[in-house]
Amino acid sequence: MALINVAAREIHCKIVYYGPGMCGKTTNLQYIHESVSPDVKGDLLSIATETERTLFFDFLPLDLGKVRGFQTRFHLYTVPGQVLYERTRVAVLNGSDGVVFVADSQKDKLEENIKSLKELAMNVTRQNKKFQEFPIVLQYNKRDMPNALPVAVMDRYLNGMNWTRHEAIATTGVGVFDTLKSISRLVISKL
Amino acid sequence: MDPQLTSLIVPAEEAAQIEECLSHLVEDTGGNYALLLDKSGQVIVSQGDGIRQDITALGALIAGTFASSREVAKLLREKDFRMLFQQGVRENIFIALIEEQWILCVIFNKGTHIGLVKVLTKKATDELAAVLERVRQQHKSRDEVLGSSFRTSMEDTIDLLFKD
């Protein structure tokens with residue numbers, strides 16, 4: 001749940017990037033960190049292994065400045081995608097206000113995407129939240145890969161809930177900010 | 001709407017009580033810093049010597065440590081670990097959970113005895129649990145706090161700032 005501190009006139013929201021291993025969650029955060037104005041971003045904090053795979057989480061605080069007198073902050077997190085780290089994903093998901101589910105568009109990754117989304121549904125429900133009402137935006141990443149599945153096929157398997165979805169190439173930034181805008185608007189609408 | 005998705009609104013009066021509680025805790029233990037975090041890692045109130053630039057990252061990491069320890073607890077068939085202690089060469093951190101929602105941390109150096117921190121933190125968590133209960137019972141609507149035009153202004157800001 002978001003936190004509104006009336007005395008300090010601050011609003012905090014937590015957004016988590018979720019998805020299977022190597023789908024591009026960290027790349028999304030890196031692109032945002034490189035591209036937003038220096039007044040908005042804080043340091044990008046990464047707890048990664050020596051091989052640069054996320055071990056615990058990446059964390060990027062964004063300060064949107066004062067909106068109607070309230071200092072508004074979005075905290076972006078990624079979870080480690082590797083199957084092994086399920087309990088860690090539960091830990092990072094704790095207290096989140098919205099999730100970006102990053103799916104890897106490559107044909108041979110469809111099964112991993114489906115499994116990861118099922119796991120997300122289970123983890124959200126375990127935190128006593130209704131999955132149907134939980135703010136989620138889908139991102140179909142790696143659209144530039146030659147073996148990318150058609151969007152309609154991905155929709156059929158991943159978007160039964162009719163979430164807003166964006167096609168993306170996170171390495172070059174295509175769709176990264178569209179995704180961030182969608183999830184931010186959705187989270188704000190549920191405040 | 002799902003009650004778990006509604007915002008936690010900390011009114012000015014309760015925020016002042018939290019500040020007072022934290023400042024007593026720092027003073028009485030001789031600690032350097034006290035922080036109250038939401039379980040999501042967001043800093044609600046901080047009190048202590050000077051301004052820490054790293055406070056946002058500190059909040060995220062401490063909440064991460066706590067969330068991770070909860071998963072460890074479950075594997076040991078414990079509900080959770082109520083308290084955590086991290087010992088450094090110069091500074092130490094003592095962390096206590098308040099009602100599954102908030103996390104209280106005290107940062108102190110070797111001049112302060114851990115026993116005292118433990119006892120006084122326990123007392124503070126009881127006080128803060130009562131404050132949390134009052135915060136939860138107040139059902140203020142978002143519009144009451146933020147004003148009805150907040151959402152539109154926020155959307156304009158998002159469009160302005162989140163771009164390549």
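Convention: sequence-line order gives letters A, B, ...; per-chain numbering from 1. Values in this document were obtained by computation on a predicted structure and should not be read as measured data.
Taking CG of A:Leu180 as the start and NZ of B:Lys163 as the end, the distance is 13.5 Å to the nearest 0.5 Å. Atom CE of B:Met154 sits about 12.5 Å away from atom CZ of A:Arg68, to the nearest 0.5 Å. Note that CZ of B:Arg151 and NZ of A:Lys190 are 10.0 Å apart. Values are rounded to the nearest 0.5 Å. Interatomic distance, CD1 of A:Ile4 versus CZ of B:Phe150, reported as 7.5 Å (0.5 Å rounding).
With a threshold of 4.5 angstrom between heavy atoms, A:Ile32 does not approach chain B through any atom at all. Heavy atoms of B:Asp159 lying under 4.5 Å from chain A belong to its backbone as well as its side chain. For A:Thr72, the part sitting under 4.5 Å from any heavy atom of chain B is the side chain, from C-beta outward, and nothing else. If you measure heavy-atom distances from B:Gln101 to chain A, the contacts under 4.5 Å come from the side chain alone. Heavy-atom distances place the side chain of A:His75, and not its backbone, under 4.5 Å from chain B.
Nearest heavy-atom pair, B:Ser40 versus A:Gly95, reported as atom, atom and distance to 0.1 Å: CB-O, 3.3 Å. Residues A:Val6 and B:Ala12 come closest through the heavy atom pair CB-N, 3.9 Å. The minimum heavy-atom distance between B:Ala67 and A:Ala91, with the atom names listed, is CB-O, 3.4 Å.
Counting heavy-atom pairs closer than 4.5 Å to chain A, the top-ranked of the candidates B:Asp156, B:Asp38, B:Thr56 is B:Thr56. With chain A as partner, the option from B:Ala63, B:Ala60, B:Ser68 having the largest number of non-hydrogen pairs under 4.5 angstrom is B:Ala60.
A 4.5 Å side-chain heavy-atom check between A:Phe57 and B:Leu61 finds at least one atom pair inside the cut-off. Contact of the A:Thr88 side chain with the B:Glu71 side chain is not registered, since no non-hydrogen atoms from C-beta on lie closer than 4.5 Å.
Applying the ring pair (Phe, Tyr, Trp, His ring centres under 6.0 Å) test to every pair with at least one member in residues 47-103 of chain B, sequence neighbours left out, gives no pairs at all.
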